[in-house]
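To start, the structure under review is shown below, and the notes come after it.
What you are looking at is a predicted structure, and each value in this text was computed from that prediction instead of being measured. Residues: numbered from 1 along the sequence shown. Hydrogens, waters and symmetry mates play no part in the numbers below; they use all other heavy atoms, side chains included.
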Amino acid sequence: MRARTKGYWWYLAPSLVLFLAVIVAPFLMNVATSFTRWSGVGTPRWVGLDNYTRLLDDERFWQSFQHNVGLIVAMAIVPTALGLLLAAVLFDYIGRKFGTRTAAALRAMYYLPQVLPVAVAGVVWGWMLHPSYGAVNQIFGLKLNWLGDPDLALATVMAVMVWFQLGYPVVIFMAGLQRVDPALHEAAEIDGASWWRRFWHITIPQIRPETFVVLLTCTIAALKVFGPIYVLTRGGPGNATMVPSYFSYLSFFQKSNVGYGSAIATVLALIIIVVTFLFLRVQERES
């Protein structure tokens, strides 16, 4: 067995080299930089844990993580719940009544925001939400500054991210529904179970692995979200939509405080690693 599998390691070597060069090495360099004070030019000066102790007292840092919790709701929890329901409707109702082509077309429409570049989608939403000539205010007869009002900005970004993220769970769940044994639904239907009861007691338990995958990947995407924030609000107004990834970017490139930005990025990376580990442990227990 060892003799037969020994040669396969050579096929993994290119990916391993890329992983070390693109992910591991930059991460270790970032960790090392987080213990220094450096403007990006000249020689870094070692300051030990000063950047991390500063983080503990930085109100903007903690506020950015609070905003990230909201984005986890908008990019992971809500899309997963809605995506599962929409996938079940497309698979069980639309596909049977109107044909698989109609269900596939609707699935592609839901997935379209995932294909669009983040910059393009963000610019279009910026136009639609503009307080003066935006389509949203024009259609509903409102005069709200959706992205400029501190009380509305985060909720508006969350709504946009639900739209942006919804298609991914729909595609994953529709693929998972294809492996559910139809005999289970037929037997439950003969016994008089309603569609909702069949969905709750058969569909959801059967596609639990896909649910874990969607929740994990969407949660990671929410924790490291950067592009939509950069395009829509730049963390504003004030700090109303500030998130750790954009806070790190500001420290790196606008304030020329590379060491502090590296500390923020390191903490964010460690949180993502811990979250991933916890998800995998829960999945192992459930399987």
Side-chain angles (χ1 to χ4, degrees), residues 64-95 103-122 124-126 128-129 136 146-147 152-180 195-196 199-200 203-233 241 243-246 268 271-272 275-276 278-280 282-283 286:
S64 68
F65 272 105
Q66 291 176 3
H67 298 156
N68 239 347
V69 173
L71 289 176
I72 289 174
V73 174
M75 295 180 65
I77 298 176
V78 173
T80 299
L82 289 180
L84 179 56
L85 182 60
L86 285 173
V89 171
L90 291 176
F91 189 83
D92 293 334
Y93 181 75
I94 302 296
L106 291 173
R107 178 184 60 189
M109 292 175 61
Y110 283 118
Y111 192 73
L112 182 61
Q114 291 281 309
V115 180
L116 294 175
V118 174
V120 174
V124 172
W125 272 106
M128 293 175 61
L129 297 170
V136 175
W146 297 97
L147 297 174
L152 294 175
L154 182 60
T156 302
V157 171
M158 290 172 61
V160 172
M161 295 313 300
V162 171
W163 169 85
F164 186 83
Q165 198 74 10
L166 182 60
Y168 170 69
V170 170
V171 170
I172 298 297
F173 287 137
M174 286 194 70
L177 288 171
Q178 295 178 7
R179 65 175 181 80
V180 178
W195 179 89
W196 179 256
F199 170 75
W200 186 260
T203 301
I204 293 178
Q206 288 291 315
I207 61 171
R208 188 171 296 169
E210 286 82 1
T211 304
F212 273 108
V213 170
V214 170
L215 280 174
L216 174 59
T217 53
C218 290
T219 299
I220 293 174
L223 286 171
K224 64 185 184 66
V225 64
F226 174 82
I229 299 297
Y230 180 84
V231 176
L232 288 171
T233 63
T241 58
V243 292
S245 59
Y246 191 76
L268 180 59
I271 290 175
I272 291 174
V275 169
T276 303
L278 293 176
F279 264 96
L280 294 177
V282 172
Q283 185 178 10
E286 293 292 333

Sequence neighbours excluded and cut-off under 3.5 Å, please list the side-chain donor-acceptor pairs for residues 110-122, or say none.
unit_1, atom_1, unit_2, atom_2, d
Q114, NE2, F164, O, 2.8

When every non-hydrogen atom of W146 is compared with those of T156, the smallest separation belongs to O-OG1, 3.2 Å
Evaluate side chain to side chain contact (heavy atoms under 4.5 Å, CB included) for I172 paired with T217, printing each intermediate quantity in order. CA-CA 11 Å; I172 298 297; T217 53; over 6 Å; no
ring-ring contact (aromatic ring centres under 6.0 Å, His included) partners for W200, two or more places apart: none
For E210 and M174: C-alpha separation, side-chain torsions, deciding distance, then whether side chain to side chain contact (heavy atoms under 4.5 Å, CB included) applies. CA-CA 10 Å; E210 286 82 1; M174 286 194 70; over 6 Å; no
Looking at residues at least two apart in the chain, or sitting in another chain, which of them share a ring-ring contact (aromatic ring centres under 6.0 Å, His included) with F212? none
Can you tell me how far apart NZ (K224) and OG1 (T219) are? Round to the nearest 0.5 Å. 12.0 Å
Using 0.5 Å steps for rounding, measure from the CG atom of L84 to the OG1 atom of T211. 6.0 Å
Give the intermediate values and the outcome of side chain to side chain contact (heavy atoms under 4.5 Å, CB included) for residues V157 and L147. CA-CA 8 Å; V157 171; L147 297 174; 4.2 Å; yes
To the nearest 0.5 angstrom, please state how far the CZ atom of F279 sits from the CG atom of L215. 5.0 Å
Quick one: list whatever passes side chain to side chain donor-acceptor pair (under 3.5 Å) with Y230, sequence neighbours left out. none
L71 side, atom CG; C218 side, atom SG - distance, nearest 0.5 Å: 12.5 Å
Residues two or more places apart in sequence or in another chain: which of them pass side-chain contact (heavy atoms from CB on, under 4.5 Å) with S245? F226, V243, L268
Could you tell me which non-hydrogen atom of G83 sits nearest to which non-hydrogen atom of F173, and how far apart they are? C-CD1, 3.7 Å
CG of L223 to CD1 of I271: how many Å apart, nearest 0.5 Å? 7.0 Å
Return each pair, listed once, that meets salt bridge (charged side-chain N to carboxylate O under 4.0 Å, His left out) where at least one residue sits in residues 153-169; pairs must be two or more places apart or across chains. none
Work out which heavy atom in A222 is nearest to a heavy atom in M75; give both atom names and the distance. CA-SD, 3.7 Å
Among all residues two or more places apart in sequence or in another chain, which pass the side-chain contact (heavy atoms from CB on, under 4.5 Å) test with Q206? V180, L184, I202
Can you pull the side-chain hydrogen bond (donor to acceptor under 3.5 Å, both in side chains) pairs that have at least one residue in residues 64-84, sequence neighbours excluded? none
The ring-ring contact (aromatic ring centres under 6.0 Å, His included) partners of W125 (sequence neighbours excluded) come to W163
Which residues pass the side-chain contact (heavy atoms from CB on, under 4.5 Å) test with I77, sequence neighbours left out? V73
Can you name the side chain to side chain donor-acceptor pair (under 3.5 Å) partners of T241, sequence neighbours left out? T233
Would you please name every residue forming a side-chain contact (heavy atoms from CB on, under 4.5 Å) with I94, sequence neighbours left out? V89, L90, F98, T102, A103, L106
Is the W196 ring parallel, tilted or perpendicular to the F199 ring (thresholds 30°, 60°)? tilted
Looking only at heavy atoms, which two atoms of A221 and Q165 are closest? And how far apart? CB-NE2, 4.4 Å
